[in-house]
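Notes follow once the structure below has been shown.
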Amino acid sequence: MDISGLQQPFDAVTAGDSIVVVMDDHIKSFMWNGNQTNDRRHGGLKPFSIDYNKRDNLFYVTNKATNSVVVYDQSFGVVQEFGHAYLNEPSGLTIAKDKKMLMVLSKKSGTITTFDLYGKYINSIKAGDLKDPWHIKCHRRELIVTDAGSKMIKIFDLNNPSKLLHSIPTRLETAEMHCRGLDVDEEGNIYVGLRAPGFRTQRECIAKYNHSSKALVSTFLDNSPKKKGLFRANSRIAAHAESVAQDLFGPDKDVARLDFSRGIHYNKRKGEPCLLIVDAGNQGVRIKRL
């Protein structure tokens with residue numbers, strides 16, 4: 001594990017030479033060698049996703065506890081909080097840099113809500129029958145969403161998010177997989193965290209999809225369970241009780257395996273592409289060179 005000892009990490013982003021990680025009640029920053037440089041406690045923070053506005057040097061974080069977006073400065077002090085009236089269990093968010101807009105998913109309502117970068121509400125759109133949306137990213141004219149409930153990556157028109165352009169089923173061989181963390185490289189290739197339904201030791205991997213063909217190109221950090229999961233893969237509660245399972249039973253200690261991966265962040269460091277992968281069950285962030 002490249003960054004370890006994190007309690008309930010949810011997402012990570014790069015800002016200059018720093019890696020910033022959000023977790024319950026904390027925002028922390030690290031150097032690329034894993035050394036911690038800052039730890040700011042924010043009681044009541046239940047984050048899901050983070051994005052970085054390089055122009056203004058600000059961090060945007062969805063807070064499930066308050067149904068809002070919290071904006072932090074470079075020292076992780078609170079600058080602003082907004083969205084309470086419009087968000088319903090917010091999950092992923094992304095900055096559409098060309099449009100200078102912030103787009104936020106709501107899990108319960110399946111909507112995409114748009115704000116300007118100063119928190120002014122623009123609109124909310126019911127997009128493509130989203131059932132359990134996790135993360136959202138922009139690439140050129142496309143808005144890409146992982147919808148764990150339907151086990152699909154859904155791609156919308158950035159200018160008209162109600163218009164569904166493509167749906168990519170997330171399955172490996174014949175097995176349907178929940179899609180979770182998400183990011184996109186500069187060519188538009190899509191990286192997604194996949195996990196089989198169920199608790200504990202399930203198959204998990206990171207999958208890469210081609211931008212043009214939308215076809216699965218490769219998987220890595222792939223594994224097959226060494227033992228049967230605690231619950232059946234088709235259990236009705238399996239898809240929605242991740243945090244409960246971890247609180248009751250503790251994380252899988254086999255650090256060689258992905259265990260409840262969450263956010264993914266693509267980055268080029270010194271010209272070398274890599275992914276930051278939040279590995280919640282193993283309490284850390286992996287840095288995977290591509």
Side-chain angles (χ1 to χ4, degrees), residues 1-6 9-23 27-38 47-54 57 59-61 74 92-95 97 134-140 142 144-146 153 168 170 172 177 179-195 204-212 214-223 254-290:
M1 194 64 55
D2 296 277
I3 299 173
S4 59
L6 305 177
F10 276 85
D11 201 9
V13 71
T14 53
D17 291 328
S18 296
I19 296 171
V20 179
V21 184
V22 286
M23 61 204 75
I27 305 178
K28 297 185 179 185
S29 62
F30 300 85
M31 299 172 61
W32 281 80
N33 62 7
N35 290 340
Q36 183 174 298
T37 55
N38 195 359
F48 195 99
S49 181
I50 183 172
D51 204 355
Y52 175 57
N53 177 1
K54 182 178 179 180
N57 203 14
F59 299 93
Y60 293 75
V61 177
Q74 59 185 333
L93 85 169
T94 189
I95 297 171
K97 296 178 177 61
W134 270 58
H135 283 275
I136 182 171
K137 298 293 178 181
C138 294
H139 178 72
R140 297 176 185 167
E142 294 181 341
I144 305 164
V145 176
T146 46
I153 303 164
I168 306 172
T170 50
L172 297 178
M177 307 283 284
C179 47
R180 298 157 66 89
L182 164 73
D183 210 348
V184 185
D185 67 20
E186 60 274 1
E187 296 177 354
N189 299 307
I190 302 168
Y191 299 86
V192 178
L194 301 182
R195 179 177 168 85
E204 244 181 287
C205 69
I206 306 300
K208 178 181 179 180
Y209 294 85
N210 179 267
H211 171 253
S212 299
K214 314 304 182 191
L216 178 66
V217 175
S218 60
T219 62
F220 47 92
L221 296 178
D222 198 347
N223 57 54
D254 185 351
V255 297
R257 300 173 49 83
L258 282 176
D259 187 17
F260 287 109
S261 70
R262 290 174 175 167
I264 294 175
H265 177 69
Y266 174 85
N267 182 261
K268 266 193 173 179
R269 177 167 170 76
K270 298 179 179 179
E272 182 181 7
C274 63
L275 288 180
L276 304 181
I277 303 162
V278 176
D279 191 352
N282 288 312
Q283 300 182 343
V285 176
R286 297 175 185 243
I287 302 174
K288 170 66 176 176
R289 272 72 182 181
L290 299 175

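On a predicted model such as this, the values are computed, not experimentally measured, just so you know.
Judged by distance alone, the side chain of Asn282 and the main-chain N or O of Gly284 form no donor-acceptor pair under 3.5 Å. In this structure, the side chain of Thr170 engages the main chain of Met177 through a donor-acceptor pair within 3.5 Å. Side-chain N or O atoms of Asn267 include none that pairs as donor or acceptor with a backbone N or O of Cys274 at under 3.5 Å. The closest donor-acceptor contact from the side chain of Arg180 to the backbone of Ser261 lies under 3.5 Å.
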Exercise answer: donor-acceptor pairs, residues 186-193 side-chain atoms, under 3.5 Å, sequence neighbours excluded:
from   : atom 1 : to     : atom 2 : distance (Å)
Glu186 : OE1    : Tyr266 : OH     : 2.9
Glu186 : OE2    : Tyr266 : OH     : 3.2
Glu186 : OE2    : Lys268 : NZ     : 3.3
Glu187 : OE1    : Asn189 : ND2    : 3.4
Asn189 : OD1    : His211 : N      : 3.2
Asn189 : ND2    : Asp185 : OD2    : 3.1
Tyr191 : OH     : Asp185 : OD2    : 3.2

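For Asp17, the side chain to side chain contact (heavy atoms under 4.5 Å, CB included) test picks out Arg269, with sequence neighbours left out. Contacts of Tyr60 classified as ring-ring contact (aromatic ring centres under 6.0 Å, His included), with partners at least two apart in sequence or in another chain: none. Among residues two or more places apart in sequence or in another chain, the salt bridge (charged side-chain N to carboxylate O under 4.0 Å, His left out) test is passed with Lys214 by Glu142. Partners of Ser29 under the side chain to side chain donor-acceptor pair (under 3.5 Å) rule, at least two apart in sequence or in another chain, are Thr37. With sequence neighbours left out, His265 forms a ring-ring contact (aromatic ring centres under 6.0 Å, His included) with no residue at all. By the salt bridge (charged side-chain N to carboxylate O under 4.0 Å, His left out) test, Lys28 is found to be paired with Asp39, residues two or more places apart in sequence or in another chain being considered. Listed by chain and number, the residues in a side chain to side chain donor-acceptor pair (under 3.5 Å) with Asp11 are Ser49 (sequence neighbours excluded). Remark: Thr94 engages no residue in a side chain to side chain donor-acceptor pair (under 3.5 Å) (not counting sequence neighbours). For Arg289, the side chain to side chain contact (heavy atoms under 4.5 Å, CB included) test picks out Asp2, Glu272, Ile287, with sequence neighbours left out. With sequence neighbours left out, Asn57 forms a side chain to side chain donor-acceptor pair (under 3.5 Å) with Tyr52, Gln74.
Side-chain contact between Phe220 and Leu275 is present, with heavy atoms from C-beta onward closer than 4.5 Å. In this structure the side chain of Leu276 reaches within 4.5 angstrom of the side chain of Thr14, judged on heavy atoms. Using a 4.5 Å cut-off on side-chain heavy atoms (C-beta onward), Leu182 and Ile264 make no contact. The shortest side-chain heavy-atom distance between Leu290 and Lys208 does not fall under the 4.5 Å cut-off. Between Cys179 and Leu194 there is a side-chain heavy-atom pair separated by less than 4.5 Å.
Atom CD1 of Ile153 is separated from atom OH of Tyr209 by 4.5 Å, given to the nearest 0.5 angstrom. Note that OG1 of Thr146 is 10.5 Å distant from CG of Asp183, once rounded to the nearest 0.5 Å. For the atom pair CD1 (Ile95) and CD1 (Ile136), the distance works out to 12.0 Å, reported to the nearest 0.5 Å.
Nearest heavy atoms, Asn33 versus Asn35: OD1-N, 3.0 Å. Residues Leu221 and Ile206 come closest through the heavy atom pair CD1-CG1, 4.4 Å. Heavy-atom minimum distance, His135 versus Phe48: NE2-CE2, 3.6 Å.
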Between Phe30 and Leu6, does a side chain to side chain contact (heavy atoms under 4.5 Å, CB included) hold up when you go through it step by step?
CA-CA 12 Å; Phe30 300 85; Leu6 305 177; 3.7 Å; yes
